[in-house]
Amino acid sequence: MEIAVIWIPADIEPAEPAVATCLAHLRRHSYRFAGILRAPWETVEQAMIDGEVDVVVIADHAHLPPDRSPRIELATATDADGDRTVSYPKLG
């Protein structure tokens, strides 16, 4: 079972709505909850580097610092208009 923490930046107030959103996510994924961090992002990074945390759950993408590391991005297929629709060939 993966170890997860909830990270909420210190300037997010009230924190309760974000905590509720994240706790629901943890339950859906059956993560082992290790706590809530309100520390600077660097503290979260170090916990991941040290192997203390497998998953960091956030309530809003806007909470993440833009220069964060480690960073994982998902590349999505887009057409010329920026639409994320992907067409698949018909099977059979």
Side-chain angles (χ1 to χ4, degrees):
M1 183 179 291
E2 293 173 303
I3 300 169
V5 295
I6 294 172
W7 182 66
I8 302 172
D11 62 335
I12 302 301
E13 290 295 340
E16 291 78 13
V19 170
T21 298
C22 293
L23 285 172
H25 182 83
L26 290 171
R27 282 190 296 275
R28 282 192 304 274
H29 293 279
S30 300
Y31 293 138
R32 193 171 107 216
F33 179 48
I36 299 170
L37 295 177
R38 303 276 323 237
W41 177 251
E42 293 76 22
T43 303
V44 177
E45 283 181 319
Q46 193 60 51
M48 289 187 287
I49 291 167
D50 293 344
E52 299 168 0
V53 174
D54 299 311
V55 179
V56 175
V57 178
I58 60 169
D60 190 314
H61 188 268
H63 293 175
L64 289 173
D67 59 345
R68 69 193 176 276
S69 181
R71 186 172 181 156
I72 299 171
E73 296 184 4
L74 173 65
T76 58
T78 59
D79 63 17
D81 297 324
D83 185 7
R84 293 181 183 223
T85 303
V86 178
S87 298
Y88 295 98
K90 185 176 180 180
L91 299 176

Check your understanding: Do F33 and V5 share a hydrophobic cluster, counting only Ile, Leu, Val, Met, Phe, Trp and Tyr and linking them when any side-chain heavy atoms are less than 4.5 Å apart?
Key -> no
Can I get a per-line list of side-chain donor-acceptor pairs under 3.5 Å for residues 19-28, giving both atom names and the distance, sequence neighbours left out?
residue : atom : partner : partner atom : Å
T21     : OG1  : P17     : O            : 3.1

Point to revise | I8 with V57, same ILVMFWY side-chain cluster at under 4.5 Å | key: yes
For residues 49-56, which side-chain N or O atoms pair as donor and acceptor with protein atoms under 3.5 Å away, sequence neighbours left out?
residue : atom : partner : partner atom : Å
D50     : OD1  : Q46     : NE2          : 2.7
D50     : OD2  : Q46     : NE2          : 3.4
D54     : OD2  : I3      : N            : 2.9

**Study point:** Closest approach of W41 to P65 (non-hydrogen atoms, all atoms of both residues)
**Key:** CG-CG, 3.6 Å
Check your understanding: Are L37 and Y31 connected, step by step, through hydrophobic side chains (Ile, Leu, Val, Met, Phe, Trp, Tyr) whose heavy atoms are closer than 4.5 Å?
Key -> no
Check your understanding: Quick one: do M48 and W7 end up in the same hydrophobic cluster if we chain Ile, Leu, Val, Met, Phe, Trp and Tyr together by side-chain heavy atoms under 4.5 Å apart?
Key -> yes
**Study point:** Inter- and intrachain pairs under side chain to side chain donor-acceptor pair (under 3.5 Å), touching residues 8-19, at least two apart
**Key:** E13-R38
Study note, to complete from the structure: Interatomic distance, CD1@I58 vs CG@L64, rounded to 0.5 Å, equals 3.5 Å
